[in-house]
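Presented below is the structure to which this report refers.
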2 protein chains.
Amino acid sequence: MITIDLMSRKPIYDQLIEKIKQLILSDVFSANDHLPSVRSLSCQLSVNPNTIQKAYTHLCNAGLTYSVAGKGCFVSPQAKEILGQDAKQELPQFGAFARRLLDSGIDAEQLKSLIDQLDSERRSSL
Amino acid sequence: MITIDLMSRKPIYDQLIEKIKQLILSDVFSANDHLPSVRSLSCQLSVNPNTIQKAYTHLCNAGLTYSVAGKGCFVSPQAKEILGQDAKQELPQFGAFARRLLDSGIDAEQLKSLIDQLDSERRSSL
DNA sequence: GAACTGTACTATGTGTGTTAGTACAGTTGT
DNA sequence: ACAACTGTACTAACACACATAGTACAGTTC
């Protein structure tokens, strides 16, 4: 269910955070669902437990999950809402990316048609 | 002309590379123009000469500049063309970013109107 | 020859990512 | 009660990237 690219220059804990966010958004993990335990996931991915916990701690601090000592880590009911808010705050960064591509000679229509294509792909896979 | 954010988590040499690319794209630096010398720029930015050279070496390896020992570092005639090619290769990455925002509930129309706005800003500033 | 240019090299300090090992408190199921 | 699980906290060590410091050499410009 969760895979990690050990050769990536992106930190493992960072990849894990993004993966879990993605699984929450795609409703694979729903509110109050039980996440894999730190130890089991560390065995499954052949990664140190501390690295897994670092990701879990981050998710918990971001309000996306809540932890119960002895029971486990669960998806927060407000997780999807929070992820939506986070995405809105990334719009300026997205704009800077787009602006850079426009400056480099990429056509605005090309970017917009790409977005249309991605959007229709998304809708058809729901 | 060139500024650096020392507090940014982004490496200085990386910021410098992006700045110079930007200046080439905006025709502040044209083909065969003379870039600031390693030492003068290191003084101007209060940054170690090695850090400047790291950026210059990268630009040279990317074909954006060429160096002449004893004379200096100059903008390659093919620089803008290369930057255009680089931008095309970044489209998948841009698409992944857009897809993530769409998955998070951002509307496709909102992204497209953002691109339109950036494009018209760009055209009016030429 | 003096003053500039790019380039190369070693050494050092700092921060981050990762692994390793240990320990403790709470929950679950037998 | 006990064993096996859960999250959490902590120290130690290693590797790597970024940046700084200092020195050196070859080529150019005036």
Side-chain angles (χ1 to χ4, degrees), chain A residues 1-20 24 29 31-77 79, chain B residues 1-20 24 29 31-77 79:
Chain A
M1 184 139 75
I2 295 178
T3 57
I4 292 294
D5 176 16
L6 293 174
M7 308 311 290
S8 167
R9 63 183 181 86
K10 196 170 184 179
I12 296 174
Y13 81 96
D14 231 342
Q15 293 182 48
L16 194 52
I17 290 169
E18 292 307 316
K19 279 282 179 184
I20 293 176
I24 292 174
F29 286 149
N32 299 313
D33 271 2
H34 190 282
L35 293 183
S37 79
V38 170
R39 289 173 180 80
S40 66
L41 195 54
S42 90
C43 289
Q44 179 189 328
L45 302 178
S46 300
V47 162
N48 192 280
N50 293 334
T51 305
I52 309 291
Q53 193 196 343
K54 186 168 184 179
Y56 275 29
T57 300
H58 185 281
L59 290 167
C60 197
N61 290 339
L64 296 172
T65 61
Y66 62 93
S67 296
V68 182
K71 296 188 69 174
C73 195
F74 304 88
V75 175
S76 165
Chain B
M1 182 141 71
I2 296 179
T3 57
I4 292 296
D5 177 14
L6 294 174
M7 308 311 289
S8 167
R9 64 185 175 88
K10 194 168 185 178
I12 296 174
Y13 82 98
D14 230 343
Q15 293 183 48
L16 194 52
I17 290 169
E18 292 307 315
K19 279 282 181 184
I20 292 176
I24 291 174
F29 287 148
N32 300 313
D33 271 3
H34 190 282
L35 292 183
S37 79
V38 170
R39 287 170 180 82
S40 68
L41 195 53
S42 91
C43 288
Q44 179 189 330
L45 301 177
S46 300
V47 163
N48 192 282
N50 292 335
T51 305
I52 309 290
Q53 195 197 340
K54 186 170 185 178
Y56 275 29
T57 300
H58 185 282
L59 290 168
C60 198
N61 290 340
L64 296 172
T65 61
Y66 60 93
S67 296
V68 182
K71 294 189 71 174
C73 195
F74 304 88
V75 176
S76 164

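Just so it is clear: chains get the letters A, B, ... in the order the sequence lines come, proteins before strands, and each one is counted from 1.
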Rounded off to whole Å, could you give me the [atom1]-to-[atom2] distance for the [X] and [N] pair?
X	N	atom1	atom2	value
A:H34	D:dT6	NE2	P	7 Å
B:K54	C:dC9	NZ	P	15 Å
A:Y56	D:dT6	OH	P	10 Å
A:L59	D:dT8	CG	P	11 Å
A:H58	D:dT8	NE2	C1'	18 Å
A:Y66	D:dT8	OH	P	13 Å
B:I4	D:dA19	CD1	C1'	13 Å
B:L6	C:dT14	CG	C1'	15 Å

Check your understanding: Which atom pair, heavy atoms only, marks the closest approach of B:L45 to B:T3?
Key ->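 In terms of heavy atoms, the two residues are closest at CD2-CA, 4.4 Å.
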Review point. Do you know which two heavy atoms are closest between A:P77 and A:A31, and how far apart they sit?
Key: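 That would be CA-CB, 3.8 Å.
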Check your understanding: In residues 10-17 of chain A, which residues come under 4.0 Å of DNA chain C by heavy atom?
Key ->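 Residues of residues 10-17 of chain A that come under 4.0 Å of DNA chain C are, in numerical order, A:P11, A:I12, A:Y13.
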Exercise for review: List in numerical order all residues of residues 35-53 of chain B for which some heavy atom is under 4.0 Å away from an atom belonging to DNA chain D.
Suggested key: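 Heavy-atom contacts with DNA chain D come from B:R39, B:V47, B:N48, B:N50, B:T51.
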Contacts under 3.5 angstrom, residues 49-62 of chain A side chains, donor-acceptor by atom type, not counting sequence neighbours:
from: A:N50; atom 1: ND2; to: A:N48; atom 2: OD1; distance (Å): 3.3
from: A:Y56; atom 1: OH; to: A:P36; atom 2: O; distance (Å): 2.5
from: A:T57; atom 1: OG1; to: A:Q53; atom 2: O; distance (Å): 2.8
from: A:N61; atom 1: ND2; to: A:T57; atom 2: O; distance (Å): 3.4

Side-chain polar contacts of residues 9-18 of chain A - donor-acceptor pairs under 3.5 angstrom, sequence neighbours left out - could you list them?
from: A:Q15; atom 1: OE1; to: A:D5; atom 2: N; distance (Å): 2.9
from: A:Q15; atom 1: NE2; to: A:D5; atom 2: O; distance (Å): 2.9
from: A:Q15; atom 1: NE2; to: A:K10; atom 2: O; distance (Å): 3.0

Between the protein and nucleotides 25-28 of chain C, list every N/O to N/O distance that falls short of 3.5 Å.
from: C:dG26; atom 1: N2; to: A:G70; atom 2: O; distance (Å): 3.4
from: C:dT28; atom 1: OP1; to: A:K71; atom 2: NZ; distance (Å): 3.4

Exercise for review: Would you indicate whether the side-chain heavy atoms of A:V47 and A:L6 approach each other to under 4.5 Å?
Suggested key: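 SC-SC contact between A:L6 and A:V47 confirmed.
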Check your understanding: D:dT6 phosphate, OP1 or OP2: any side-chain N/O from A:S67 under 4.0 angstrom?
Key ->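 No, outside the criterion.
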Check your understanding: Could you give all pairs that pass the side chain to side chain donor-acceptor pair (under 3.5 Å) test and reach residues 32-45 of chain B, with sequence neighbours left out?
Key ->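 Every pair satisfying side chain to side chain donor-acceptor pair (under 3.5 Å) with a residue in residues 32-45 of chain B: B:N32-B:Y66, B:S37-B:S40.
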**Study point:** Non-neighbouring partners of B:T65 that pass side-chain hydrogen bond (donor to acceptor under 3.5 Å, both in side chains), sequence neighbours left out
**Key:**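 Here no residue qualifies.
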